[in-house]
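Everything on this sheet refers to the single structure shown next.
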Amino acid sequence: MKRTRSNSAELIKRISMMPEIKLPGLEAYFKPEEMPEIDYSPIGRHRLLQAFRGKYGESYRNKRGVMNIIKDFDRKRDTMVKILKVRE
């Protein structure tokens, strides 16, 4: 399907209506003012990775527990995408 402006707007609208992602353990890595704004979009994952990279540098994946949080985010996002596909 060709991506048009109306299709993109509809996708953004659906993503913005999704519930917020709760990642248990994320507050152990960031103060409340440093907490990244994450959602189910690819931008949300990018924000999460950039927040870790900004705080811990390029070797953020070696920090204990960070990969578990990233994998948890990916599992929740994949589940939400499957739910949205079933709804359509």
Side-chain angles (χ1 to χ4, degrees):
M1 183 164 119
K2 186 176 179 182
R3 181 163 235 142
T4 63
R5 181 175 231 179
S6 63
N7 288 346
S8 297
E10 177 122 353
L11 179 63
I12 291 171
K13 184 178 176 183
R14 273 192 282 150
I15 288 173
S16 67
M17 292 181 355
M18 286 192 240
E20 186 178 320
I21 289 183
K22 302 288 186 201
L23 295 174
L26 189 62
E27 60 276 350
Y29 295 96
F30 298 106
K31 296 176 185 174
E33 61 271 6
E34 296 174 334
M35 195 68 70
E37 183 180 330
I38 52 175
D39 53 10
Y40 289 102
S41 70
I43 295 171
R45 186 176 198 279
H46 178 73
R47 287 179 187 147
L48 179 64
L49 296 179
Q50 289 300 318
F52 279 126
R53 186 174 287 129
K55 181 141 183 154
Y56 298 111
E58 288 298 319
S59 62
Y60 68 94
R61 293 176 191 261
N62 295 333
K63 182 85 172 156
R64 183 177 300 215
V66 169
M67 286 307 297
N68 291 335
I69 290 177
I70 294 171
K71 287 177 186 176
D72 187 33
F73 173 83
D74 289 338
R75 270 186 261 127
K76 288 181 180 185
R77 185 194 62 210
D78 292 343
T79 303
M80 187 55 69
V81 167
K82 288 178 185 176
I83 290 170
L84 284 176
K85 285 186 179 182
V86 169
R87 280 180 158 180
E88 291 178 353

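The figures here come from the full heavy-atom set of this structure, side chains too, leaving out hydrogens, waters and symmetry mates. It should be emphasised that the depicted structure is a prediction, and the values quoted were computed from it without experimental measurement.
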How many angstroms lie between atom CG of L23 and atom CG of N68, to the nearest 0.5 angstrom?
11.5 Å
Measuring from M35:CE to Y29:OH, what's the distance to the nearest 0.5 Å?
12.0 Å
How many angstroms lie between atom CD1 of I70 and atom CG of L48, to the nearest 0.5 angstrom?
6.0 Å
Cluster overlap I43 with L49, hydrophobic side-chain contacts below 4.5 Å
no
Report all side-chain donor-acceptor pairs from residues 74-83 shorter than 3.5 Å, counting only partners two or more places apart or in another chain.
residue, atom, partner, partner atom, Å
D74, OD1, R45, NE, 2.7
D74, OD2, R45, NH2, 3.1
K76, NZ, K22, O, 2.4
T79, OG1, R75, O, 2.9

Exercise: identify the closest heavy-atom pair between D72 and P24:
OD2-CD, 3.8 Å
I'd like to know if the side chain of R47 and the backbone of E37 have a donor-acceptor N/O pair within less than 3.5 Å.
yes
Residues in side chain to side chain contact (heavy atoms under 4.5 Å, CB included) contact with E34, at least two apart in sequence or another chain
F30, K31, K55
For E58, salt bridge (Lys or Arg N to Asp or Glu O under 4.0 Å) partners two or more places apart
R53
Could you tell me the separation between the CG atom of D39 and the CZ atom of F73, rounded to the nearest 0.5 Å?
7.0 Å
